[in-house]
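In what follows, every heavy atom counts, from backbone to side chain, and hydrogens, waters and symmetry copies are set aside. On a predicted model such as this, the values are computed, not experimentally measured, just so you know.
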Amino acid sequence: MAYDERLARFRQAHLNPFNKGPEPPGGGGGEEGEAGEDEPPPPGAPPPDAARRHEPGPGDEEGSERPMDLGLAEDHFSRPVGLILAPDVQQLRRAIEECRRAILALPEHSERQKDAVVRLIHLRLKLQELQDPDEEEPNIRVVLEHRFYKEKSKSVKQMCDKCSTIIWGLIQTWYTCTGCYYRCHSKCLPLVTKPCVRSKVSHQAEYELSICPESGLDSQDYRCAECRTPIALRGVPSEARQCDYTGLYYCSSCHWNDLAVVPARAIHNWDFEPRKVSRCSMRYLALMVSRPVLKLREINPLLFNYVEELVEIRKLRQDILLMKPYFITCKEAMQARLLLQLQDRQHFVENDEMYSLQDLIDIEAGRLGCSLTEIHTLFAKHIKLDCERCQAKGFVCELCKEGDVLFPFDSHTSMCTDCSAVFHRDCYYDNSTTCPRCARLSLRKQSLFQDSVAEAEP
């Protein structure tokens with residue numbers, strides 16, 4: 001028999017040539033092996049089926065040795081079968097209908113309703129996965145709130161986040177979570193034990209603001225904080241690697257020495273040097289980097305005394321908030337979509353207190369100051385020069401009644417906190433009396449009240 005045919009028989013029967021059963025007396029020749037098939041097996045001998053699996057074929061040469069198995073008899077790249085017990089389509093449809101009714105019955109904008117919506121999405125994705133029987137590997141897989149999509153790229157070299165080995169795209173199927181970008185082989189999907197980090201971001205979007213809060217290996221029972229693998233600082237049985245963000249220790253499979261900017265060091269020390277963090281922390285920080293969750297005035301108010309760039313950014317953001325009412329009521333500004341200049345930093349047109357970690361990184365690098373100054377100049381040009389409607393909404397200083405038209409975002413003006421009237425800064429602080437507009441409004445209210453009382457009297 002040719003070598004290719006024998007190799008095909010090994011693959012089909014999953015033979016292991018190193019696990020040979022006891023040979024019958026007289027050798028394992030072809031004729032003697034065939035003649036002894038009908039005789040009852042001696043005591044202690046393996047069953048006839050096992051003997052058939054290990055005996056050579058009728059075309060083998062007498063006394064020839066079996067070729068060495070190079071591991072090709074086993075399919076190492078197929079996904080485990082039967083490890084995911086999925087319900088059928090009818091059960092999923094009933095569960096989807098029950099979940100829809102529960103969503104309508106729960107209070108709006110409640111946490112329970114949000115969780116029910118997430119569950120409904122997962123059920124629909126699972127139904128779509130079961131209704132796609134034509135493909136060997138489904139395009140969508142849902143595991144522990146991960147939304148895995150099958151990748152089409154075959155040439156990109158990636159690493160599996162589960163088994164820490166290379167993903168060979170040409171011969172292996174692999175998936176990527178669209179939420180946290182967790183990558184793994186198709187065969188590793190049933191073994192995934194780490195929940196999707198995006199679910200944590202959506203439910204609890206906050207940073208650890210203590211610098212490397214270490215508690216020691218003894219508090220972790222000398223085990224990895226994520227997969228509970230035994231670890232030690234000496235590397236026996238596995239090396240312990242500390243995450244600078246959480247302060248916990250991880251094994252080499254959960255900590256790949258990835259580098260990331262730690263928010264606590266940036267806020268307290270204005271330190272943006274990347275530090276070694278675990279895989280889970282790196283994905284969490286990557287998803288949180290653009291979220292405005294840092295209120296610097298409460299966390300570290302002294303930071304504005306030592307970082308001049310922060311003071312400049314705060315002033316520019318306050319001016320943009322003062323310009324926002326002009327754009328909302330201006331037809332030309334709405335058609336030009338001027339506010340979309342800040343679509344990547346939507347929180348800049350909502351408040352002047354919240355910052356994201358990416359804002360702080362760009363401030364330290366000098367990028368944010370330049371870009372925000374250009375946007376500020378563009379906005380001011382539209383209000384003061386290009387648009388007549390916006391110019392008509394300017395103010396004249398009622399204290400000195402001189403000078404040009406004033407706007408609240410001008411550097412030499414001050415605004416009344418009660419009526420929002422705008423004055424020259426020198427005039428406003430030199431005038432010891434009350435605001436003229438406030439006094440005029442107060443007199444008008446008094447006269448209206450007196451007129452209403454007079455009309456009510458018989």
Side-chain angles (χ1 to χ4, degrees), residues 266-267 270 272 289-397 403-429:
I267 295 172
W270 202 245
F272 294 89
V289 68
S290 299
R291 288 181 171 257
V293 296
L294 300 174
K295 198 170 185 178
L296 296 184
R297 290 182 181 178
E298 294 183 359
I299 302 173
N300 186 10
L302 296 178
L303 196 61
F304 291 90
N305 298 336
Y306 296 94
V307 182
E308 297 180 357
E309 294 84 353
L310 275 177
V311 180
E312 297 176 1
I313 295 297
R314 182 176 61 182
K315 179 63 172 63
L316 291 174
R317 291 183 62 176
Q318 291 173 352
D319 291 348
I320 290 174
L321 289 177
L322 294 174
M323 297 177 185
K324 180 181 177 181
Y326 289 86
F327 296 145
I328 293 177
T329 57
C330 178
K331 183 179 180 181
E332 288 79 4
M334 296 300 291
Q335 291 177 351
R337 300 180 180 271
L338 290 179
L339 289 178
L340 289 182
Q341 298 288 333
L342 293 170
Q343 60 180 348
D344 295 334
R345 306 181 195 269
Q346 189 67 29
H347 52 285
F348 278 15
V349 296
E350 296 175 355
N351 58 75
D352 63 337
E353 296 183 349
M354 306 304 294
Y355 292 83
S356 66
L357 182 60
Q358 188 63 51
D359 294 338
L360 302 183
I361 295 174
D362 292 341
I363 290 173
E364 195 274 338
R367 295 188 295 267
L368 183 58
C370 296
S371 62
L372 203 59
T373 302
E374 294 178 359
I375 295 174
H376 182 277
T377 304
L378 176 65
F379 288 178
K381 180 175 179 292
H382 171 83
I383 296 174
K384 302 175 70 173
L385 298 177
D386 298 341
C387 181
E388 295 182 357
R389 295 183 181 180
C390 294
Q391 293 178 22
K393 297 176 185 177
F395 294 84
V396 176
C397 181
D404 299 331
V405 179
L406 305 180
F407 294 91
F409 51 85
D410 289 334
S411 59
H412 60 283
T413 61
S414 294
M415 187 171 61
C416 177
T417 57
D418 296 329
C419 66
S420 301
V422 180
F423 309 93
H424 290 110
R425 179 172 300 175
D426 298 337
C427 299
Y428 187 73
Y429 286 107

*For Val307, all residues meeting side chain to side chain contact (heavy atoms under 4.5 Å, CB included), sequence neighbours excluded*: Trp270, Leu303, Glu309, Leu310
_Taking atom CG as the centre, does Asn305 end up with more than 12 heavy-atom neighbours from other residues, nucleotides or ligands that are less than 6.0 angstrom away?_
yes
_Please report the interatomic distance CD(Gln343) to CD(Gln346), rounded to the nearest 0.5 Å._
8.5 Å
_Contact summary for Phe407 and Gly394, nearest pair of heavy atoms_ = CE2-CA, 3.7 Å
_Close side-chain approach of Val396 and Val422, heavy atoms under 4.5 Å_ = no
*Enter the distance from Met323:CE to Cys330:SG here, rounded to the nearest 0.5 Å.*
13.5 Å
_With side chain to side chain contact (heavy atoms under 4.5 Å, CB included) as the criterion, how do His412 and Leu406 come out once you've worked through the C-alpha distance, each side chain's angles and the decisive distance to 0.1 Å?_
CA-CA 9 Å; His412 60 283; Leu406 305 180; 3.9 Å; yes
*Ser356: side-chain hydrogen bond (donor to acceptor under 3.5 Å, both in side chains) partners, not counting sequence neighbours*: Asp359
*Given side chain to side chain contact (heavy atoms under 4.5 Å, CB included), test Phe395 with Phe423 step by step and report yes or no.*
CA-CA 8 Å; Phe395 294 84; Phe423 309 93; over 6 Å; no
*Which residue pairs pass the salt bridge (charged side-chain N to carboxylate O under 4.0 Å, His left out) test with at least one member in residues 375-385, sequence neighbours excluded?*
Lys381-Asp386, Lys384-Asp410
*Taking only residues two or more places apart in sequence, or in another chain, which ones meet His382 in a ring-ring contact (aromatic ring centres under 6.0 Å, His included)?*
Phe327
_Under the salt bridge (charged side-chain N to carboxylate O under 4.0 Å, His left out) test, residues paired with Glu298 that sit two or more places apart_ = Lys295
*Nearest 0.5 Å please: distance from the OH atom of Tyr355 over to the CG atom of Leu296.*
6.0 Å
*Going through the checks in order, is the side chain to side chain contact (heavy atoms under 4.5 Å, CB included) test met by Arg314 and Arg297?*
CA-CA 11 Å; Arg314 182 176 61 182; Arg297 290 182 181 178; 3.2 Å; yes
_Flag, side chain of Asn351 to backbone of Met354, donor-acceptor distance under 3.5 Å_ = yes
*Drop me the distance from Arg317's CZ to Asp319's CG, to the nearest 0.5 angstrom.*
12.0 Å
*Does His424 have any side-chain hydrogen bond (donor to acceptor under 3.5 Å, both in side chains) partners at least two apart in sequence or in another chain, and if so, which?*
none
*How would you list, by chain and number, every residue that makes a side chain to side chain contact (heavy atoms under 4.5 Å, CB included) with Ile328, sequence neighbours excluded?*
Lys324
*Which residue pairs pass the ring-ring contact (aromatic ring centres under 6.0 Å, His included) test with at least one member in residues 297-321, sequence neighbours excluded?*
none
*asked:* According to side-chain hydrogen bond (donor to acceptor under 3.5 Å, both in side chains), who are the partners of Gln318, at least two apart in sequence or on a separate chain?
replied: Asp352
_With Thr329 via side-chain hydrogen bond (donor to acceptor under 3.5 Å, both in side chains) - residues at least two apart_ = Lys393
*Non-hydrogen atoms of Pro292 and His347 that approach each other most closely*: CB-CG, 3.6 Å
*Which residues satisfy the side chain to side chain contact (heavy atoms under 4.5 Å, CB included) test with Leu342, sequence neighbours excluded?*
Ile320, Phe348, Val349, Leu372, Ile375, Phe379
_Partner set under salt bridge (charged side-chain N to carboxylate O under 4.0 Å, His left out) for Asp362, not counting sequence neighbours_ = Arg345, Arg367
*Decide side chain to side chain contact (heavy atoms under 4.5 Å, CB included) for Leu357 and Arg291; before the verdict, give the C-alpha distance in whole Å, the side-chain angles of both, and the deciding distance to 0.1 Å.*
CA-CA 7 Å; Leu357 182 60; Arg291 288 181 171 257; over 6 Å; no
*Could you give the distance from NZ (Lys331) to CZ (Arg389), rounded to the nearest 0.5 Å?*
6.5 Å
*What closest approach, in Å, do Tyr326 and Cys390 show between heavy atoms, and which atom pair accounts for it?*
CE2-O, 3.9 Å
*Return yes when atom CD of Gln335 has more than 12 non-hydrogen atoms of other residues, nucleotides or ligands closer than 6.0 Å, and no otherwise.*
yes
